[in-house]
Amino acid sequence: MDERADKVIEETVEKIVELFSPSKVIEYNTKYDMDGKLSSFKLCIVGKIEDKRKMLTRIFDEVDSEIPYDVLLYTDEQFNQLKDSYDAFASRINQRGRVRYGK
């Protein structure tokens, strides 16, 4: 990953952490174009989430990124339940994703 792309992801994660205090942020499904430049990325945000729709709206309203990104939300309880379940998407994210914040 080029340094600029890494910086963009890092800044996006920092802003989300600042606004929402999640317990964990995991980068997954990072896409690159034919020149090896980052074209988009996805973040899995785990934490105390009371209203997913409202939180998603706030994230996309308040967290700008020069590179397109998407967000998947899990409550702590959901993620902890699903992360060890073989057929759950959360398990794949937990195994293959890159933890950008939290443990």
Side-chain angles (χ1 to χ4, degrees):
M1 182 183 315
D2 68 52
E3 253 180 61
R4 187 181 97 19
D6 197 53
K7 190 171 188 307
V8 168
I9 294 172
E10 196 59 43
E11 287 171 356
T12 305
V13 169
E14 284 174 11
K15 185 72 173 163
I16 288 170
V17 168
E18 183 185 306
L19 288 172
F20 302 102
S21 306
S23 51
K24 185 181 278 200
V25 178
I26 304 168
E27 170 196 344
Y28 73 99
N29 202 3
T30 308
K31 301 228 187 277
Y32 298 88
D33 65 17
M34 298 290 275
D35 297 323
K37 290 197 163 111
L38 181 67
S39 60
S40 68
F41 61 96
K42 294 186 179 183
L43 298 173
C44 174
I45 300 171
V46 181
K48 281 182 83 118
I49 302 166
E50 291 172 27
D51 184 333
K52 286 186 179 188
R53 183 174 290 158
K54 191 183 288 184
M55 185 170 168
L56 278 176
T57 301
R58 277 196 63 203
I59 289 170
F60 292 121
D61 283 350
E62 299 178 36
V63 182
D64 285 333
S65 172
E66 61 190 78
I67 296 169
Y69 72 101
D70 203 1
V71 170
L72 179 62
L73 301 177
Y74 284 102
T75 64
D76 290 311
E77 297 79 14
Q78 286 173 322
F79 195 77
N80 287 332
Q81 229 174 9
L82 296 170
K83 71 178 183 180
D84 298 320
S85 177
Y86 172 75
D87 57 350
F89 191 55
S91 172
R92 288 190 32 220
I93 291 172
N94 193 50
Q95 289 171 11
R96 298 184 188 157
R98 177 179 175 195
V99 176
R100 288 297 199 138
Y101 176 82
K103 292 185 172 117

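The structure places CZ of Arg96 at 11.0 Å from CG of Asn29, a figure rounded to the nearest 0.5 Å. Atoms CD and OH, from Gln95 and Tyr86 in turn, are 9.5 Å apart once rounded to the nearest 0.5 Å.
Residues Val71 and Val63 fail the side-chain proximity criterion, which asks for heavy atoms closer than 4.5 Å. With a 4.5 Å cut-off on side-chain heavy atoms, Val17 and Pro22 count as touching. Contact check for Phe20 versus Ile49: no side-chain heavy atoms found under the 4.5 Å cut-off. Side-chain contact between Leu72 and Ile93 is present, with at least one heavy-atom pair separated by less than 4.5 Å. By the 4.5 Å heavy-atom criterion applied to side chains, Ile16 and Tyr101 are not counted as neighbours. Asn94 places a side-chain heavy atom less than 4.5 Å from the side chain of Phe79.
Residues Leu73 and Val13 share a hydrophobic cluster, clusters being chains of Ile/Leu/Val/Met/Phe/Trp/Tyr side chains in contact below 4.5 Å. Cluster annotation: Leu19 is connected to Leu43 through the hydrophobic network of ILVMFWY side chains, with a link wherever side-chain heavy atoms come within less than 4.5 Å. Hydrophobic clustering, with ILVMFWY side chains joined whenever heavy atoms are under 4.5 angstrom apart, keeps Ile45 apart from Phe89. Ile9 is connected to Ile59 through a chain of hydrophobic side-chain contacts under 4.5 Å among Ile, Leu, Val, Met, Phe, Trp and Tyr, so both are in one cluster.
Checking side-chain atoms of Lys83 against main-chain N and O of Ala90 turns up no donor-acceptor pair under 3.5 Å. Looking only at distances, no side-chain donor or acceptor of Ser40 sits under 3.5 Å from a matching main-chain atom of Lys31. Between the side chain of Asp33 and the backbone N or O of Asp35 there is at least one donor-acceptor pair closer than 3.5 Å.
Taking the six-membered ring for Trp and the full ring otherwise, Tyr69 and Phe60 have centroids separated by under 6.0 Å.
The pair Glu18-Lys15 counts as a salt bridge, with a side-chain nitrogen and a carboxylate oxygen less than 4.0 angstrom apart. By the 4.0 Å N-to-carboxylate-O rule, Asp6 lies close enough to Arg100 to be salt-bridged with it.
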(message) One pair to check against salt bridge (charged side-chain N to carboxylate O under 4.0 Å, His left out): Lys7 and Glu3. What are the steps and the verdict?
(response) CA-CA 6 Å; Lys7 190 171 188 307; Glu3 253 180 61; over 6 Å; no
(message) One pair to check against side chain to side chain contact (heavy atoms under 4.5 Å, CB included): Arg4 and Ile67. What are the steps and the verdict?
(response) CA-CA 11 Å; Arg4 187 181 97 19; Ile67 296 169; 3.8 Å; yes
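Within 6.0 Å of atom CZ in Arg92, 12 or fewer heavy atoms from other residues, nucleotides or ligands are found, so the atom counts as exposed in its surroundings.
In this structure, the side-chain contact (heavy atoms from CB on, under 4.5 Å) partners of Gln78, at least two apart in sequence or on a different chain, are Lys52, Tyr74, Thr75.
When all heavy atoms are compared, the tightest approach of Ser91 to Ser85 is CB-O, 3.0 Å. Residues Ser23 and Gly47 approach most closely at OG-CA, 3.7 Å, considering heavy atoms.
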